[in-house]
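Take a look at the structure below.
Keep in mind that what you see is a predicted model, and the values were worked out from it rather than measured. Position 1 is the first residue of the sequence, and the numbers go up from there.
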Amino acid sequence: MPFTANRQFKAHPRLLASAKGMYYTDTDGRRILDGTAGLWCVNAGHGRESIIAALHRQAETLDYASSFNIGHEDSFRAATEIAALMPEGLDRIFFTNSGSESVDTALKMALAYHRARGEGQRTRLIGRERGYHGVGFGGISVGGISPNRKAFSGVLLPGVDHLPHTHDLAHNAFSRGQPAWGGEHFADALESIIALHDASTIAAVIVEPLAGSTGVLLPPKGYLERLRAITEKHGILLIFDEVITGFGRLGAATASECFGVTPDLITFAKGVCNAAVPAGGVAVRRGIYDAVVDAAEGGIEFFHGYTFSAHPMATAAILSTLEIYRDEGLFERARSLSGAFGDAAHALKGAPHVIDIRTLGLVAGIELEPRPGRPGARAAEVFNRCFDQGVLVRYTGDTIALSPPLIIEEAQIAQLFETISAVLRTVD
């Protein structure tokens, strides 16, 4: 099982049987409040009938169509709808099936772009410590979570460096929204990396605007703006990995919109189709697309793609999901609920073992003090006990991460945090 302690799971399995709205039901018939939107992805809630109907119609009409040299209309409709939600200029869309594939695709696009412009020596990629960019070899290479890397360290991509992460408990503990300290301090480390390797060798910098899987690390004020300024100055592409932050999580269509910073490429997945089927993609600045296409003498311009790129079932789910977001105003709803959500999260300050709380939009990270010599054990116990109490949370290291569906009600927000509070009082 992926990212699972398999022996522990087999000893005490947690099996889900169905899902509707804000709740899972397990095989014992218990309802489990979903505090994680599945895995950061079921933004519109479970079992949406319009998405189910769209998938049913699509299966009856066109179950599969390759995107190699042929296409289907819904792929272009879905691309147009997604482009309308992206920052201005990022209107070329390439479809994938997951966040991992989206990241590897974006990295290839960056390399292809520089080669097309006659700067093929720009091959170095810059990621960030504690960054998560999926599990492809490209994503692991630019990622910065050491357990994900160490077993494969001998065969990761060469020519990769890493920025420092932005987490600083000494200055920014219990931040609500973007932390006040460290923006330019952390971003200016990029200038040092550029001085070491020379800008003419660097293709792209990739960061999560808000780092999710590593424990909800918020960008300090001015940080993303400074990264944008430095990359533009040196002709380096800036990639935002928005697999988690895209499609309403921060109360806007993208984190780029939320923070007012526009990168050159945005990776997306998860919420784009409410996790009904695997789907993802990359939104690309038109100038990058034009450079790659125009440089080709003829035939295939970009040697890359997947059997299931723009799968008809995926595009049907995407179109239906984006309609729900629009018709129900779910991005605006997330923004309006962020105050109550943040209040409930920060009310845990002073609870046993809590050393930090970080919130933005409908995301919260509750960091616990690790047990001596057993990092992650305390958060794992909180996860298990919350599940037993009918609430699903996520843990990463010793941080409890929360990202509920955008349809959550205030009473469910209260239930979510009251359960965590009660469980923390039972954990040593």
Side-chain angles (χ1 to χ4, degrees), residues 1-42 45-47 97-101 130 132-137 139-140 143 145-155 212-216 243-244 269-270 274-278 280 352-353 365-405 415-416 419-420 422-428:
M1 296 176 66
F3 288 104
T4 298
N6 281 264
R7 289 169 293 183
Q8 293 177 16
F9 181 86
K10 289 177 181 179
H12 301 286
R14 291 170 293 276
L15 300 175
L16 303 175
S18 63
K20 188 69 175 176
M22 280 295 303
Y23 294 90
Y24 284 107
T25 301
D26 70 9
T27 51
D28 294 324
R30 295 187 313 128
R31 290 214 307 171
I32 312 293
L33 178 65
D34 184 0
T36 63
L39 195 61
W40 309 89
C41 49
V42 189
H46 296 276
N97 310 286
S98 69
S100 294
E101 290 182 358
R130 295 187 67 171
Y132 179 74
H133 301 292
V135 294
F137 275 102
I140 296 174
I145 299 178
S146 58
N148 293 358
R149 295 168 53 89
K150 64 182 179 182
F152 317 107
S153 59
V155 291
S213 295
T214 192
V216 185
V243 170
I244 282 175
K270 294 189 183 291
N274 205 44
V277 292
H353 316 299
I366 303 162
E367 187 168 349
L368 308 180
E369 184 177 10
R371 287 175 178 160
R374 298 179 61 198
R378 180 171 279 136
E381 185 174 341
V382 170
F383 163 79
N384 287 324
R385 294 195 180 197
C386 283
F387 190 88
D388 291 342
Q389 295 300 314
V391 168
L392 178 64
V393 301
R394 173 165 163 70
Y395 74 97
T396 173
D398 271 294
T399 296
I400 303 300
L402 302 168
S403 56
Q415 178 189 351
L416 177 62
T419 301
I420 294 170
V423 166
L424 285 170
R425 293 194 295 271
T426 71
V427 172
D428 62 23

- Considering non-hydrogen atoms only, spot the tightest contact between S100 and G134 and give its length. OG-CA, 3.2 Å
- Task: Verify, without hydrogens or angle tests, whether N274 (side chain) and A276 (backbone) share a donor-acceptor contact under 3.5 angstrom.
- Result: no
- Message: Does any part of the side chain of T396, heavy atoms only, come nearer than 4.5 Å to the side chain of S213, both counted from C-beta?
- Response: no
- Query: Could you go step by step and tell me if L424 and L368 meet the side-chain contact (heavy atoms from CB on, under 4.5 Å) rule?
  - Reply: CA-CA 10 Å; L424 285 170; L368 308 180; 3.9 Å; yes
- Kindly give the heavy-atom pair with the smallest separation between A275 and V42, and that separation in Å. CB-CG2, 4.0 Å
- Note on the structure: In short, I420 meets L402 closest at the heavy-atom pair CD1-CD1, 3.6 Å
- Task: Using a strict 4.0 Å threshold on nitrogen-to-oxygen distance, state whether D398 and R371 make a salt bridge.
- Result: no
- Judged by atom type as modelled, is there a donor-acceptor pair below 3.5 Å linking the side chain of T4 to the main-chain atoms of P2? yes
- Inter-residue atom distance F152.CZ - K150.NZ, 0.5 Å rounding: 11.0 Å
- Message: Rounded at 0.5 Å granularity, tell me how far NE2 in H12 sits from CG in D388.
- Response: 10.0 Å
- Message: Just verifying a value: how many Å separate L392 CG and T419 OG1, rounded to the nearest 0.5 Å?
- Response: 11.5 Å
- Task: Output the distance between atom CG (L15) and atom CZ (F9), rounded to the nearest 0.5 Å.
- Result: 5.0 Å
- Message: Within the structure provided, determine whether L416 and V393 are in side-chain contact (heavy-atom separation under 4.5 Å).
- Response: yes
- Closest approach of D34 to H46 (non-hydrogen atoms, all atoms of both residues): OD2-NE2, 2.7 Å
- To the nearest 0.5 Å, how far apart are OH in Y132 and OG1 in T214? 11.5 Å
- Does CZ in R31 sit with more than 12 non-hydrogen atoms of other residues, nucleotides or ligands closer than 6.0 Å? no
- Check the pair N148 / S146 against side-chain hydrogen bond (donor to acceptor under 3.5 Å, both in side chains), numbers first and verdict last. CA-CA 5 Å; N148 293 358; S146 58; over 6 Å; no
- Task: For residues D428 and R378, report the shortest heavy-atom separation together with the two atoms involved.
- Result: O-NE, 2.9 Å
- Query: Hey, is the main chain of I244 close enough, under 3.5 Å, to the side chain of K270 for a donor-acceptor pair?
  - Reply: no
- Taking all heavy atoms of N97 and all of P278, pick out the closest pair and write down the distance. O-CB, 3.4 Å
- Message: Would R14 and Y24 count as a side-chain contact (heavy atoms from CB on, under 4.5 Å) here? Give the steps.
- Response: CA-CA 12 Å; R14 291 170 293 276; Y24 284 107; over 6 Å; no
- Message: Using 0.5 Å steps for rounding, measure from the CD1 atom of I400 to the OH atom of Y395.
- Response: 9.0 Å
- N-O pairing of R374 and E381 below 4.0 Å: no
- Using the side-chain contact (heavy atoms from CB on, under 4.5 Å) rule, take F3 and L39 through it: C-alpha gap first, then chi angles, then the decisive distance, then the call. CA-CA 12 Å; F3 288 104; L39 195 61; over 6 Å; no
